[in-house]
Amino acid sequence: MDSDSWALSVDQQEATTKTSEVLWIRERRVIPKTDAKETAKPPDGDKSDEEEKEDRAAQSLLNKLIRNRIVNNTNQVEVLQRDPNSPLYSVKTFEELRLKPQLLQGVYGMGFNRPSKIQETALPMMLAEPPQNLIAQSQSGTGKTAAFVLAMLSHVHPANKWTQCLCISPTYELALQIGKVVEQMGKFYPEVKLAYAIRGNRIEGAIQEQIVIGTPGTMSDWLTKKKLIDPKKIRVFVLDEADVLIGIQGHQDQCIRIQRKLPKDCQMLLFSATFEDTVWQFAERLVPDPNIIRLKREEETLDTIKQYYVLSRNTNDKFNALCNIYGAITIAQAMIFCHTRKTAAKLSKMMAEEGHQVALLSGELTVEQRADIIQRFRDGKEKVLITTNVCARGIDVEQVSVVINFDLPLDKDSNPDNETYLHRIGRTGRFGKRGLAINMVDSEQSMAVLRAIEEHFNKKIVKLDTEDPDEIEKIAH
Ligand SMILES: Nc1ncnc2c1ncn2[C@@H]1O[C@H](COP(=O)(O)OP(=O)(O)OP(=O)(O)O)[C@@H](O)[C@H]1O
């Protein structure tokens, strides 16, 4: 009997005992969608990461907190112009935009040497006279916020002591992040003032600040009920993170209510990192006659990744395999993905006991705590980052050369999640350094998931015997 079928027969036996996680996965498959939340809990009451509420606003904030530079992209920008006959300008330098000197100084002060890919095309459109409406989509970190902040700062008349630009953000925390960019970019333009339309910010009398950033509810309140802002005097209306925004109850209607009060010639700008149909429908309702700019995400590939799998019988066995791998090769930094918080916590404890410097990224931490942990890991202060999927989604830790799938990624219906697999271990062309991915297989089901992933990408995942140090050593070369 070869070891594959041996392990499978062990698993088949285990699958019949009530306590295994495997059983739980099987149960989930037959749960009707309506009460899945109630019944899909694993026997020990642990939450799978898929069940943790996916909070896109928190993820977006996390990304902003840990990002310290532009995400480069070598794809072509796709442009759909409202008037296809008008010439399409794109700029390679900030000078070409004829910005006010104070703003150019602000841009350079932030360390920007040249416009990012999306800024090259978006900025001339946003700064054109007469103003043009724009819907722009590109992945987070490609320079959208910096672009619309520059547009707002360019369009205000500082001598006018009333609000001229409104910027809507899905949450309080995200609004503050935009405000920081306004402050940095407007550092040499102190006449322009900024206010936040966010809950708890009580203002008496008309707003004099030229730029107001806020969440849809409070913003709508200030415009309609409290009449602190005159909507007829608004020249630029920005909607940031439309994809996050529409996921929050009531936000869409509030945005539409605000937009209807604005003058016809007010410039409307909408930004999104992704573009599902729902975002598109929302964008079309809000932005009349738009120019559209899209920058496709840079594709990740598995081409430079060596992929292995390890057969184990259970969690302890997987842990031993991991120890053997650590004992045989030097791993500078690794990310380890688990399916549940509980496994992640247990693994983290076990590895710490073995003397590893471990960081645990877990769902119950605040966004700030998570950002702090990721930052420490990026700085090399910890060598192992253990996480569940929801926590790690959207995080790029480029220097990690080893990724371990302690549990293989499953979607919410417990099917193989190819996209997440690719995102965990894949590399974009630019960071095409060689990487190593090790997948832990502990059941017939997880073997089937592995095979499905292998087939999907048409890339062989090679078996690794973790009992044999010489074999492990070979994978490092
Ligand atoms: N032209 C530029 N040159 C260098 N850095 C830039 C440039 N534009 C923006 N950045 C920096 O790149 C990072 C990402 O920019 P920005 O926040 O504007 O992107 P984004 O697309 O709005 O992403 P998100 O929506 O997640 O904030 C920031 O640290 C920002 O300061």
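Values in this document were obtained by computation on a predicted structure and should not be read as measured data.
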Q: Let me confirm one number: the SG-CE distance from C338 to M440, rounded to the nearest 0.5 Å.
A: 9.5 Å
Q: Can you tell me if NZ on K225 sees more than 12 non-hydrogen neighbours from other groups inside 6.0 Å?
A: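 At most 12 heavy atoms, drawn from other residues, nucleotides or ligands, come within 6.0 Å of this atom.
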Q: Rounded to the nearest 0.5 Å, what's the gap from CE on M185 to CZ on F112? Could you check?
A: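 The distance works out to 5.0 Å.
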Q: For I256, which of Q259, R260, Q254 qualifies under side chain to side chain contact (heavy atoms under 4.5 Å, CB included)?
A: R260
Q: Between D230 (side chain only) and K232 (backbone N and O only), is there a donor and an acceptor less than 3.5 Å apart?
A: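 Looks like yes, one N/O pair under 3.5 Å.
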Q: Ignoring hydrogens and geometry, is there a side-chain-to-backbone donor-acceptor pair from K117 to Q76 under 3.5 Å?
A: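 Pair absent, no side-chain N/O of K117 close to backbone of Q76.
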Q: Would you say the side chains of T366 and Q369 form a donor-acceptor pair under 3.5 Å?
A: yes
Q: When you look at K92 and E120, which way does the side-chain contact (heavy atoms from CB on, under 4.5 Å) test go after all the steps?
A: CA-CA 6 Å; K92 293 286 177 205; E120 286 178 0; 3.2 Å; yes
Q: Quick one: do K64 and E173 make a salt bridge, cutoff under 4.0 Å?
A: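 Result for this pair is no, no salt bridge flagged.
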Q: Checking E78 now: which residues fulfil side chain to side chain contact (heavy atoms under 4.5 Å, CB included) with it, not counting sequence neighbours?
A: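 R294, K296.
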Q: Do you know the tightest heavy-atom contact between N201 and W222?
A: O-CZ2, 3.4 Å
Q: Tell me every residue that passes ring pair (Phe, Tyr, Trp, His ring centres under 6.0 Å) with F148, counting only those two or more places apart in sequence or in another chain.
A: F271
Q: Knowing that exactly one of R199, K227, K226 qualifies, which makes a salt bridge (Lys or Arg N to Asp or Glu O under 4.0 Å) with D221?
A: K226
Q: Say you draw a straight line from CD of E284 to CD1 of I135; how long is it, rounded to the nearest 0.5 Å?
A: 6.5 Å
Q: Can you establish whether the number of heavy atoms outside Y89 located under 6.0 Å from its atom OH is more than 12?
A: no
Q: So S116 and T142, side-chain contact (heavy atoms from CB on, under 4.5 Å) or not? Walk me through it.
A: CA-CA 7 Å; S116 70; T142 45; 5.6 Å; no
Q: Assess the residue pair F457 and N418 against the criterion (side-chain contact (heavy atoms from CB on, under 4.5 Å)); give the C-alpha distance rounded to whole Å, side-chain angles, the decisive distance to 0.1 Å, and a yes or no.
A: CA-CA 8 Å; F457 293 106; N418 298 316; 3.9 Å; yes
Q: Atom CD1 in I373, atom CD1 in I386: separation rounded to 0.5 Å?
A: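 These two atoms lie 11.5 Å from each other.
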Q: E241 and side chain to side chain donor-acceptor pair (under 3.5 Å): which single residue from S169, S272, S140, S60 fits?
A: S60
Q: Taking atom CG as the centre, does D83 end up with more than 12 heavy-atom neighbours from other residues, nucleotides or ligands that are less than 6.0 angstrom away?
A: yes
Q: List in chain and number order the residues that pass side chain to side chain donor-acceptor pair (under 3.5 Å) with D303, two or more places apart in sequence or in another chain; answer none if no residue qualifies.
A: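 If we apply the side chain to side chain donor-acceptor pair (under 3.5 Å) test to D303, skipping adjacent residues, the hits are K459.
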Q: Looking only at side-chain N and O atoms, does Q81 offer a donor or acceptor that is under 3.5 Å from a partner on N291?
A: no
Q: State, yes or no, whether a side-chain contact exists between L269 and N133 at a heavy-atom distance under 4.5 Å.
A: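 The answer is no; the side chains never approach within 4.5 Å.
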Q: Would a distance-only check, ignoring hydrogens and angles, find a side-chain to backbone donor-acceptor pair under 3.5 Å from E382 to R378?
A: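 No: the side chain of E382 does not pair with the backbone of R378.
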Q: If we ignore angles and hydrogens, is there a donor and acceptor under 3.5 Å between the side chains of T274 and R56?
A: yes
Q: Nearest heavy-atom pair of T218 and A197: which atoms, and what distance?
A: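 Closest approach of T218 to A197: CB-O, 3.4 Å.
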Q: Test your reading of the model: is there a side-chain donor-acceptor pair from D411 to the backbone of D417, 3.5 Å cut-off?
A: no
Q: Report, as yes or no, whether the 6.0 Å neighbourhood of atom CD on E204 holds more than 12 heavy atoms from other residues, nucleotides or ligands.
A: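 Counting other residues, nucleotides and ligands, CD of E204 stays at 12 neighbours or fewer.
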Q: Tell me, yes or no, whether the heavy-atom count around E95 atom CD, taken from other residues, nucleotides or ligands under 6.0 Å, exceeds 12.
A: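 Atom CD in E95 is crowded, with more than 12 foreign heavy atoms closer than 6.0 Å.
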Q: Counting distance only, does the side-chain N/O of N73 pair as donor-acceptor with the main-chain N or O of L295 below 3.5 Å?
A: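 Flag not set: sc N73 to bb L295 has no pair under 3.5 Å.
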Q: Could you check Q267, Q210, R235 and say which one makes a side chain to side chain donor-acceptor pair (under 3.5 Å) with H155?
A: Q267
Q: Find the distance between CD (Q307) and CD (E454) and round it off to the nearest 0.5 Å.
A: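 Between Q307 CD and E454 CD, I get 8.0 Å after rounding to 0.5 Å.
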Q: What's the spacing between Y421 OH and I453 CD1 if we round to 0.5 Å?
A: 6.0 Å
Q: Donor-acceptor pair, T215 side chain versus T171 backbone, under 3.5 Å?
A: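 No, T215 side chain to T171 backbone: no donor-acceptor pair under 3.5 Å.
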Q: For the pair N439 (side chain) and Y308 (backbone), establish whether a donor and an acceptor sit closer than 3.5 Å, ignoring hydrogens and angles.
A: yes
Q: Tell me if a side-chain donor or acceptor on E96 pairs with a main-chain N or O of T93 at a distance below 3.5 Å.
A: yes
Q: Just by modelled atom types, is the T224 backbone N or O under 3.5 Å from a matching donor or acceptor in the K261 side chain?
A: no
Q: For the OH atom on Y172, are there more than 12 heavy atoms of other groups (residues, nucleotides or ligands in this structure) within a distance under 6.0 Å?
A: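 Open: at most 12 neighbouring heavy atoms sit under 6.0 Å from OH of Y172.
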Q: Are the side chain of T163 and the backbone of E209 linked by a donor-acceptor contact shorter than 3.5 Å?
A: yes
Q: Between E183 and K180, does any NZ, NE, NH1 or NH2 come within less than 4.0 Å of an OD or OE carboxylate oxygen?
A: no
Q: Can you tell me if CZ on R82 sees more than 12 non-hydrogen neighbours from other groups inside 6.0 Å?
A: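 Correct, the count exceeds 12.
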Q: Going through the checks in order, is the side-chain contact (heavy atoms from CB on, under 4.5 Å) test met by L410 and V449?
A: CA-CA 8 Å; L410 300 173; V449 170; 3.6 Å; yes
Q: More than 12 heavy atoms of other residues, nucleotides or ligands under 6.0 Å from NZ of K187: yes or no?
A: no
Q: Does the pair D240/K144 count as a salt bridge with the N-to-O cut at 4.0 Å?
A: no
